[in-house]
S.K.: 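After the structure tokens below, expect a handful of questions from me.
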Amino acid sequence: MRALAVHLKRWRPAGLGAVLMLALLTPHQASAWFREGHVATAALAYDILEQHDPEAIAAVLRLMQAHPDRARFDAQLGGLTGRVGERRMFELMAIWPDAVRRTPYDHPSWHYSPRIVSSMRRLLPIAFGSAQWAFGHNLAIAHDAAASDAARAVALCWVMHIVGDMHQPLHTALWMSWRFPITDAGGQWAWIRASPDAAPERLGRFWDAAGHPGELALAQSGAVEVELEQGPPPDTETLSPDPETAFARWVAHSRELAYDVVYQGGRLKLGTSPGSAPVLPGDYVEQAQLVSRAQLTAAGRRIGALLMGLR
């Protein structure tokens, strides 16, 4: 490990940082949670507001009338109206930042805030990406009555999406080791197999799928939303002492989960190619599913709390 540290110290920090950011933003980088995960968090946020602050729902829908990409939403709504249409609008808002990748609306660095969580973190003890700044920036615009409705609508979509992204542990963490000397790019360069007869897949993709091998089999006919709805309403402690500090706390917790659960404190065996992908430990898939559901639930409830009072 000392030899690796000496080798890496030959890199200029800025140069290594540029390599890591390039790795994070390469085309194969998956969205944090697949579409269904973000849909579930938005639906839960809608249900919370419906119970505790329906005026906030009305405010969101009013602002979304001015969204500069409104035609996309109308096409995807397919004529839905009433409560079903309103809930669907929330869901579309949460996935919009992924839908507009590689367009003028795209902000790739807003989807991430990863730090190295292995023992090599001392070499680069910084976070990459701009999620923390983007969250505060967009939340301020969303609640600013003096801002244009169009700007507030775009900001609302980003707030919902960023909160969801940061609850996926591998959008907050990187693993650096002898095997991954310039990190595993948040699981995108690490390969696993969910079972002995499963095809190899990237660790990041496995977690984007909430621990479900292959594709995310959640939210069919609203199944995920039903499961996530359980629990008491969010209280003031959710955003204590202020939203940006709370957000930083949520991100820190995701990094802890990445170290303890995703990487198992460094004990998880990972391949560097599909051919070298090892089979996950026996209880890993179940644990990943439990953690993912807990994180999706937390994200949905926190989005709801953040939108309370919107007018």
Side-chain angles (χ1 to χ4, degrees), residues 1 4-5 8 13 16-26 28-34 37-38 108-135 161-192 201-211 246-272 280-281 284-285 287-296 298-299 302:
M1 187 64 75
L4 176 61
L8 289 172
L16 182 53
V19 170
L20 295 184
M21 281 307 299
L22 178 63
L24 290 169
L25 302 179
T26 47
H28 68 246
Q29 173 70 25
S31 309
W33 311 123
F34 287 161
H38 281 295
S109 68
W110 290 8
H111 297 266
Y112 312 99
S113 185
R115 287 179 181 267
I116 297 168
V117 295
S118 68
S119 60
M120 303 308 296
R121 60 186 175 275
R122 63 183 180 276
L123 297 178
L124 275 172
I126 59 174
F128 300 91
S130 307
Q132 179 75 47
W133 175 86
F135 170 77
H161 189 85
I162 292 169
V163 172
D165 275 352
M166 291 302 98
H167 283 74
Q168 206 279 57
L170 286 179
H171 269 235
T172 69
L174 306 164
W175 193 264
M176 179 184 280
S177 64
W178 271 109
R179 198 163 182 77
F180 299 99
I182 54 172
T183 84
D184 69 337
Q188 299 307 316
W189 291 350
W191 290 84
I192 53 89
E201 63 180 319
R202 301 178 192 276
L203 181 68
R205 181 179 178 84
F206 173 86
W207 278 89
D208 286 334
F247 180 83
R249 187 170 64 245
W250 306 338
V251 173
H253 178 62
S254 288
R255 291 195 185 111
E256 292 172 0
L257 290 173
Y259 181 82
D260 293 333
V261 180
V262 177
Y263 297 115
Q264 297 192 330
R267 298 185 304 278
L268 183 66
K269 294 180 180 179
L270 299 167
T272 55
L280 291 172
Y284 189 95
V285 173
Q287 190 175 23
Q289 292 172 354
L290 291 172
V291 167
S292 295
R293 288 185 181 278
Q295 287 294 92
L296 287 167
R302 288 162 177 170

S.K.: Measure across H167 and R302 and return the closest heavy-atom pair with its distance rounded to 0.1 Å.
M.R.: NE2-NH1, 2.8 Å
S.K.: Return all side-chain donor-acceptor pairs below 3.5 angstrom for residues 250-257, not counting sequence neighbours, or 'none' if the list is empty.
M.R.:
residue	atom	partner	partner atom	Å
W250	NE1	A246	O	3.3
S254	OG	M166	O	2.6
S254	OG	W250	O	3.4
S254	OG	Q295	NE2	3.2
R255	NE	T172	O	2.8
R255	NH2	S113	O	2.6
R255	NH2	S113	OG	3.2

S.K.: Would you compute the distance between atom CZ of R267 and atom CG of D260 and round it to the nearest 0.5 angstrom?
M.R.: 8.5 Å
S.K.: Below 6.0 angstrom between ring centroids: does that apply to H171 and H111?
M.R.: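 Distance test on ring centres: not under 6.0 Å, no.
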S.K.: Could you tell me which non-hydrogen atom of R122 sits nearest to which non-hydrogen atom of P125, and how far apart they are?
M.R.: O-CD, 3.6 Å
S.K.: Using side chain to side chain contact (heavy atoms under 4.5 Å, CB included), reason through L203 and W191 one step at a time and then give a plain yes or no.
M.R.: CA-CA 6 Å; L203 181 68; W191 290 84; over 6 Å; no
S.K.: Please report the shortest heavy-atom distance between V262 and P169, naming the atom on each side.
M.R.: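 Where V262 meets P169 most closely, the heavy atoms are CG2-CB, 3.9 Å.
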S.K.: Could you tell me whether the side chain of R202 and the main chain of A190 form a donor-acceptor pair under 3.5 Å?
M.R.: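 No; zero donor-acceptor contacts below 3.5 Å.
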S.K.: Calculate, to the nearest 0.5 Å, the distance between atoms NE2 and CH2 belonging to H161 and W110 respectively.
M.R.: 11.5 Å
S.K.: Closest approach of R121 and S118, non-hydrogen atoms and distance?
M.R.: NH1-O, 2.9 Å
S.K.: Measuring from atom CG of D165 to atom CG of D208, what distance do you get when rounded to the nearest 0.5 angstrom?
M.R.: 9.0 Å
S.K.: Any idea how Y284 and F206 line up, ring-wise: parallel (<30°), tilted (30 to 60°), or perpendicular (>60°)?
M.R.: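 Correct class here is tilted.
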S.K.: Rounded to the nearest 0.5 Å, what separation is found between the CG atom of L124 and the CG atom of L174?
M.R.: 9.5 Å
S.K.: Are any of the side-chain heavy atoms of R179 and T272 separated by less than 4.5 Å?
M.R.: yes
S.K.: Assess whether side chain to side chain contact (heavy atoms under 4.5 Å, CB included) is satisfied between L280 and L268, documenting all intermediate values.
M.R.: CA-CA 8 Å; L280 291 172; L268 183 66; 3.9 Å; yes
S.K.: Taking all atoms of both residues into account, what is the closest heavy-atom pair of G37 and L296, and its distance?
M.R.: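 Nearest heavy atoms, G37 then L296: O-CD2, 3.6 Å.
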S.K.: In the structure I gave you, are the side-chain heavy atoms of T183 and P114 within less than 4.5 Å of one another anywhere?
M.R.: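 With C-beta onward as the side chain, the pair stays apart.
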S.K.: Within the side chain of Q168, is there an N or O that forms a donor-acceptor pair under 3.5 Å with the backbone of L170?
M.R.: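 A pair under 3.5 Å: yes.
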S.K.: For the CZ atom of F180 and the CH2 atom of W175, what is their distance to the nearest 0.5 Å?
M.R.: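 CH2 of W175 is found 10.5 Å from CZ of F180.
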S.K.: Quick one: CG on L270 to CD1 on I192, what's the gap to the nearest 0.5 Å?
M.R.: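 The distance works out to 8.5 Å.
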S.K.: For residues Q264 and P281, report the shortest heavy-atom separation together with the two atoms involved.
M.R.: OE1-CG, 3.9 Å
